[in-house]
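Some notes on the structure that comes next.
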Amino acid sequence: MCGIIGYTGRRSAAGLIIGGLRRLEYRGYDSFGVATKPDDGGIAVFKKSGRISENECALDDLSGHHGIGHTRWATHGIPDDRNAHPHMDCRDEIAIVHNGIIENFAHLKKDLEGRGHTFRSDTDTEVVAHLIEEHFSGDLFEAVRMAVKDLEGTYALLVIAGGDGRLIAARNSSPLVLGVGDGEMFAASDLAPLLEHTERVIFLEDGDIAALSPGGVEICHAGKAVTRGVERVAWRLDDVHLGGFAHYMLKEIFEQPQVFFETFRAPVSDAVAHAVSRADNISVVACGSSYHAGLTFAYLAESLCGLPVRVWQASEYRYYPPPLPGSAGAGLVVAVTQSGETADTLAALKQAKAHNLRTLAITNVPGSSVTRIADSTYLMRAGPEISVAATKSFIAQLAACMRILTRLCGNSFDEVISRAHIAIGEALLTDVSDAVAICASAASVFFVGRGPFYPAALEGALKMKEITYIHAEGYAAGELKHGPFALLTPDTPAIALCMPGATHGVMLSNIKEMKARGAPVIGVGVKGDAELAEVVDVFIPVPETEEVLQVLTATVVLQLLAYHTALALDRDIDKPRNLAKSVTVE
Ligand code: F6R
């Protein structure tokens with residue numbers, strides 16, 4: 001959830017690290033900090049609660065060509081200056097930044113305090129600085145290697161010390177990637193801050209400890225020197241620039257035609273094709289928007305291919321009783337995760353493997369943890385998603401799912417889906433202003449749909465609540481009268497997804513029922529649907545297209561509705577309060 005970055009090379013470290021932290025802020029943004037190693041010795045630190053953009057950074061005091069930085073999403077200790085990283089040892093000679101959770105920190109802290117160490121924060125992380133101090137006698141690599149032996153939990157660590165010229169990186173179940181430059185080296189939680197400096201990267205494995213110096217890196221695993229390959233990343237620098245858009249979310253919404261096209265057309269490896277064609281049932285494990293993509297996949301797989309699919313919130317899969325012996329058959333467990341780092345999804349996948357189930361990952365991030373756990377990976381082509389709210393990655397997940405469906409049930413609807421990017425492009429032109437005016441003053445908004453539009457309603461509600469802070473709920477339209485009707489008033493508009501097909505008639509009845517209880521209804525339907533236009537307060541027409549593509553166009557319209565409502569309410573759209581993009585804690 002937190003973002004970390006480190007640098008060693010010929011350039012001044014502090015400005016480069018602050019620039020990198022700005023790119024990482026979507027991982028957490030309640031405090032930040034930088035430590036450098038000035039050429040005249042010691043460690044210089046600046047740390048502060050709040051966002052980088054809201055703070056003046058005293059970079060003049062942070063000289064040196066070697067440093068680390070952190071942007072935080074608080075887990076242990078409130079977000080204040082004291083708890084901001086970097087954390088230091090007692091003598092202020094060692095500075096560390098950490099992403100992850102040290103589960104045995106309370107026990108370690110008590111022990112270290114007993115040995116005379118003084119703590120200055122409430123974080124779990126600070127114990128690591130003191131543990132390294134215990135082992136440090138001039139060789140920082142060795143001190144880190146000894147210290148991590150005592151740690152239980154997850155960590156990506158970057159460490160510098162006044163008495164050692166190297167930057168040390170250590171990884172266990174938290175993402176950490178190294179960037180290889182010319183006479184300089186980088187380390188970061190993800191690729192975003194590296195793209196403007198290098199396209200050559202090394203993905204560390206769990207258990208790796210690396211010593212970075214301007215000329216290169218030495219990596220050790222289980223006490224032995226190892227070599228990790230240098231890979232080239234296909235992501236472009238343009239992907240992390242706003243490119244004239246007011247927000248990343250809007251930019252990413254408008255990238256969706258291209259993203260769908262590229263993901264649907266991405267090569268399917270033999271391993272993925274084999275895994276999919278052998279499956280006689282599928283379990284999807286995912287969280288949040290990715291879970292909604294899984295629900296859509298289940299509907300399409302069962303209705304179009306006759307393949308049973310069960311969809312799990314990954315956090316529940318973990319604690320559910322194991323599959324009954326023999327019940328899984330030739331089952332395939334598919335983890336859907338944009339970041340490839342969501343703790344619950346990774347744990348669910350590990351659990352599936354422990355039960356000898358075959359696994360497949362659908363993810364957006366090359367080299368992410370899920371790609372190391374799953375038997376095979378379908379890599380989406382969405383490029384980096386910066387806005388905290390998932391948009392283009394959701395559309396890419398649907399593209400990947402649809403591609404898998406064409407493998408499962410032949411290419412019968414390949415041609416239809418190959419027009420999807422056109423339909424998505426047309427939906428981007430939809431005018432949602434009348435609906436925005438209603439939603440922006442609402443106390444609560446309901447999103448309802450049936451069949452494949454039920455997951456779309458769930459996703460629409462999630463987008464609305466996370467970026468506007470308006471209470472929003474997604475419901476299967478038929479369920480509303482089993483309780484939630486009690487909440488309907490003129491202040492609780494309902495967004496009804498009423499597309500042509502089997503559910504159109506019953507949706508019209510549901511809309512009338514909601515209106516009879518006083519709720520204003522905004523209907524999303526196809527152009528020319530006079531019946532729908534007549535019964536709703538606001539009609540949002542989208543271009544008519546095949547049912548499977550209407551799921552995509554409806555999704556785009558709901559993304560635009562959430563975005564423009566948040567804009568009208570002057571919300572912090574790309575960084576909504578309390579959230580972080582990559583949820584690496586349970
Ligand atoms: C919502 C959103 C989250 C993520 C969820 C899973 O807009 O972004 O609900 O979908 O945290 O994240 P990934 O897909 O990275 O596993």
Side-chain angles (χ1 to χ4, degrees), residues 1 3 26-28 73 174-175 189-192 247-250 252-253 256 259 263 284-297 311-318 334-350 360-371 373-374 377-380 382-401 447 455-456 458-469 472 474 555-556 558-563 566 571-586:
M1 324 267 286
Y26 65 91
R27 299 181 68 95
W73 187 87
S174 283
S189 313
D190 66 41
L191 296 168
H247 296 97
Y248 282 106
M249 182 176 179
L250 192 62
E252 288 160 4
I253 288 173
Q256 292 181 118
V259 161
T263 301
V284 175
V285 291
C287 303
S289 294
S290 302
Y291 171 74
H292 300 153
L295 291 175
T296 314
F297 173 68
V311 189
W312 296 84
Q313 283 160 336
S315 52
E316 289 298 308
Y317 184 88
R318 300 185 58 176
V334 180
V336 182
T337 165
Q338 186 284 130
S339 61
E341 302 294 350
T342 300
D344 284 320
T345 307
L346 297 181
L349 204 61
K350 284 179 189 158
L360 166 69
I362 297 176
T363 189
N364 191 36
V365 181
S368 57
S369 300
V370 80
T371 65
I373 300 170
T377 298
Y378 188 114
L379 201 56
M380 288 144 47
E385 188 174 62
I386 309 292
S387 181
V388 164
T391 53
K392 65 174 180 174
S393 64
F394 179 75
I395 286 290
Q397 287 166 347
L398 296 186
C401 290
F447 289 74
L458 293 176
E459 177 59 9
L462 180 59
K463 288 292 91 82
M464 182 63 87
K465 74 180 90 169
E466 69 180 326
I467 63 163
T468 68
Y469 316 150
T555 298
V556 170
L558 298 188
Q559 292 169 345
L560 289 172
L561 179 60
Y563 173 80
R571 300 296 192 229
D572 192 351
I573 294 180
D574 286 333
K575 297 189 188 97
R577 68 184 180 206
N578 302 338
L579 300 181
K581 182 120 191 107
S582 180
V583 184
T584 53
V585 292
E586 254 190 73

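When a ligand or atom number is given, it counts from 1 through the structure's own listing order.
Close contacts between ligand 1 and Glu466 involve ligand atoms 1 (C), 7 (O) [criterion: under 4.0 Å to a heavy atom]. Close contacts between ligand 1 and Gly288 involve ligand atoms 9 (O), 10 (O) [criterion: under 4.0 Å to a heavy atom]. Applying the 4.0 Å criterion to heavy atoms of Ala389 picks out, from ligand 1, the atoms 7 (O).
Here the protein heavy atom with the shortest distance to atom 11 (O) of ligand 1 is Val583 CG2, 4.1 Å. For atom 15 (O) of ligand 1, the closest non-hydrogen atom of the protein is Ser339 OG, 2.7 Å. For atom 2 (C) of ligand 1, the closest non-hydrogen atom of the protein is Ser289 OG, 3.8 Å. Of the protein's non-hydrogen atoms, Cys287 O, 3.6 Å is the one closest to atom 5 (C) of ligand 1. For atom 12 (O) of ligand 1, the nearest non-hydrogen atom of the protein is Thr342 OG1, 3.4 Å.
For Asn364, the side-chain hydrogen bond (donor to acceptor under 3.5 Å, both in side chains) partners at least two apart in sequence or on another chain are Gln338.
Among all heavy-atom pairs drawn from Ala396 and Met380, the shortest one is CB-CE, 3.7 Å. Closest of all the heavy-atom pairs between Gly474 and Ala461 is N-CB, 3.4 Å. Here the shortest heavy-atom pairing between Ala382 and Lys392 reads O-NZ, 2.7 Å.
Using 4.0 Å as the threshold, Val388 has a heavy atom nearer than that to some atom of ligand 1.
Between Glu385 atom CD and Glu252 atom CD the span is 5.0 Å, to the nearest 0.5 Å. Rounding to the nearest 0.5 Å places CG of Leu346 at 6.5 Å from OG1 of Thr337.
Here's the thing with Thr337: one of its N/O atoms is less than 3.5 angstrom from an N/O atom of ligand 1.
Counting only heavy atoms from C-beta outward, the side chains of Leu458 and His292 approach each other to under 4.5 Å.
Each of Val285, Leu349, Thr345 was scored for a side-chain contact (heavy atoms from CB on, under 4.5 Å) with Tyr317, with one residue passing: Val285.
Only the side chain of Lys463 comes within contact range of ligand 1, with a heavy atom under 4.0 Å; no backbone atom does.
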